[in-house]
Amino acid sequence: MALSDSFLNDLKLRTDINDVISSYVTLKRRGRNYVGLCPFHNEKTPSFTVYPDTQSFYCFGCSAGGDAIGFVKKIENLDYIDAVKLLAGRAGLQMPEDGYDDSMAKHRRTILAINKEAARFFNSYMMSENGKRGLDYYLNRGLSKKTITRFGLGYAPDSWDELLKHLKSKGYRISDIEAAGLIKRGQKGYYDIFRNRVMTPIIDVRGNVIAFGGRVLDDSKPKYINTSDTIVYKKTNELFALNLAKDSDSDTLILCEGYMDVIAMHQAGFTNAVAGCGTALTSEQVRLISRYATEVILAYDADEAGQKALNKAINLFSKTDVKVRIPALSGGKDPDEIIKNLGRERFAAMLEGASNEIEFSILSLKNKYNLNTTQGKLDFLNECIKVLAYVSPIEQDLYVSRLAEELGVNANNIKIQLDNYSKRVKRSAVKREGKKIISDSMRQNQKESFEKSTSTKKLRAEDRLIGLLLLHPKLIKYLDDFDANLLTVGFHQKIYNIAVERIKLSQDVDLMNFSGFLSDSELGRLSGIIARAANSVNADSEFNDCINAIKAETGTEDIKKIGIENLNDDEFRNLFK
């Protein structure tokens, strides 16, 4: 799908990629560019770079890359047109009425409209006499009508196809209602997926109803049903109530397990509470939290399943810069029950006294051993040492002093044992690193042998040629006798032909001009090519070198036809047997 060049030029003039990305990622200047922690994969050392000169970004860790549109697409989970609309609205631009094919965007808008209408239907039905059972459920759970309205809660009728009939009466097609995940087709025709359940709409940070969670009113199974993934919803990427929590003026989020926990906490004034969407915590959700908070409080249920989920969450957050605290919850099985049983103030005190992950680990170990016995103390200390081996020396000193005082043990003896264990850990790490170096060396030797082949040299020259051409369009003057068919079939020919055609028509060849018809992976690849070509000292000379290298190395027709950039290592090696 293509937007007019005049519109894209206006959008480029009014959009600064550094401003766009810095609203999601903390960036630091490094020379002419900016770096930060990549929002698309977990990392502690910045590999994500923003290039103001080319209005592009590239991550050297996960190869994500592109322009401002590509960034918004990826981080907001939008299609191309909706990402453009978001940036256009941000820049105060009106979208053109025509000139592009937005069928996918229209389909998304239709699904969102259906979801919104379904949410209205569930809520209005619950407020009617027929839906009194659902309203009573929420009122008996201690929710006020204000909270019910705030979260748009509702009730699905105990009927075969009441929602389907309602949506059809509004003019929506069955195929779209099915695509929204609200109906299924059975032997007797289509039926509502959500029936006789209290309904919780899931709303994204832009205010769109993207999915639903439904709960039975009795002990029947399944207790919960959630919308399956759709064109507008991927449960592993979303957090319930983030649309409200992001406006709480707090840099801390409270992460719970269930929707009712979150709703009860918001009603009690903890408006920074969120929850996953019917799935275990994922790395995508952790990255989403890191965009809105510097600290997370893990208010998980006290049962075995909750503690397993807690340990997984601690491990996921350990790969980020988000600070983790864990409260010692008591007085109920979950936050909702604790607030009901003990009140808001007691619950607030539990959150206030939440420990960090090290304190939590030590406290958990303390509950496992009988510290009234010598053996219990020894076992407890041995386990604590395994935890403390991975923290800073200052933290080690603080915890060692505390443990020594609590257990009546000489702090120096604990420190000696800790140092010995730390040395063993370090030796093991050195061995692993040594093995990795040997493995990487062998892989590099293989790579270098492959790079001596004509095809690999050619691919590198093709990358460089395209990157230089996009950065310096005037270099087209050297391409008069260059045949595009010399390039590897696929990605390189595609980009080259588009670039040459646009340059000849005096059109821009910025990344934004490629966003509409390249996949995310292609855009990332092109962004990397441009980033690496930006270090050119003499573009004219290098460009001609690339042309000569491609001409000299061309001749392996079989490789060119196969499209070597799509081959895996084994397939690549087989070409030269």
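Because only heavy atoms are used, hydrogens play no part in the values below, and waters and symmetry mates are left out as well, while side chains stay in.
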- Message: To the nearest 0.5 Å, what is the distance between CZ on R525 and NE2 on H492?
- Response: 5.0 Å
- Task: Compare all side-chain heavy atoms of T271 with those of L244 and state whether any distance is below 4.5 angstrom.
- Result: no
- Any idea how F212 and F122 line up, ring-wise: parallel (<30°), tilted (30 to 60°), or perpendicular (>60°)? perpendicular
- Inter-residue atom distance Y172.OH - E117.CD, 0.5 Å rounding: 6.0 Å
- In Å and rounded to the nearest 0.5 Å, what is the NZ to OG distance from K44 to S318? 6.0 Å
- Do E522 and K494 sit within salt-bridge range, that is, some charged N less than 4.0 Å from a carboxylate O? yes
- Message: Tell me whether K246 at atom NZ has more than 12 heavy atoms from other residues, nucleotides or ligands lying less than 6.0 Å away.
- Response: yes
- SB check K458 E462 (cutoff 4.0 Å): yes
- Item | Derivation and outcome, side chain to side chain contact (heavy atoms under 4.5 Å, CB included), residues L242 and L253 | CA-CA 9 Å; L242 184 60; L253 287 178; 4.2 Å; yes
- Query: Step by step, would you call N226 with Y259 a side chain to side chain contact (heavy atoms under 4.5 Å, CB included)?
  - Reply: CA-CA 12 Å; N226 296 288; Y259 303 152; 3.3 Å; yes
- Roughly how far apart are N33 CG and D53 CG, rounded to 0.5 Å? 7.0 Å
- Should the pair H266 and F151 be assigned to parallel (<30°), tilted (30 to 60°) or perpendicular (>60°) ring geometry? perpendicular
- Note on the structure: Taken to the nearest 0.5 Å, the spacing of I466 CD1 from L471 CG works out to 12.0 Å
- Message: Closer than 4.0 angstrom, basic N to acidic O: yes or no for R108 and D82?
- Response: yes
- Query: What distance separates T294 OG1 from I289 CD1, expressed to the nearest 0.5 Å?
  - Reply: 12.0 Å
- Can you list the steps and then say if N272 with I297 is a side chain to side chain contact (heavy atoms under 4.5 Å, CB included)? CA-CA 10 Å; N272 55 335; I297 298 175; over 6 Å; no
- Query: Do NZ/NE/NH1/NH2 and the carboxylate oxygens of D508 and K12 come within less than 4.0 Å?
  - Reply: yes
- Task: Begin from the C-alpha positions of D204 and N208 and carry the test side chain to side chain donor-acceptor pair (under 3.5 Å) through to its verdict.
- Result: CA-CA 5 Å; D204 67 15; N208 299 310; 3.3 Å; yes
- Query: Which pairs with one or both residues in residues 65-76 pass side-chain hydrogen bond (donor to acceptor under 3.5 Å, both in side chains), sequence neighbours excluded?
  - Reply: Y24-E76, D67-S515, K73-D520, E76-R206
- Query: Can a salt bridge be assigned to the pair E295 and R325 using a cut-off of 4.0 Å between side-chain N and carboxylate O?
  - Reply: yes
- Verify side chain to side chain contact (heavy atoms under 4.5 Å, CB included) between L511 and Q55, making sure each step is shown before the conclusion. CA-CA 8 Å; L511 269 179; Q55 289 292 291; over 6 Å; no
- Item | Sole candidate of D545, I547, D540 that passes side-chain contact (heavy atoms from CB on, under 4.5 Å) when paired with F543 | I547
- Query: More than 12 non-hydrogen atoms from neighbouring residues, nucleotides or ligands closer than 6.0 Å to CG on D249, yes or no?
  - Reply: no
- Item | Nearest heavy-atom neighbours spanning A499 and V509 | O-CG1, 3.8 Å
- Item | Stepwise ring-ring contact (aromatic ring centres under 6.0 Å, His included) check, Y496 with F482 | CA-CA 11 Å; Y496 176 87; F482 186 79; 5.7 Å; yes
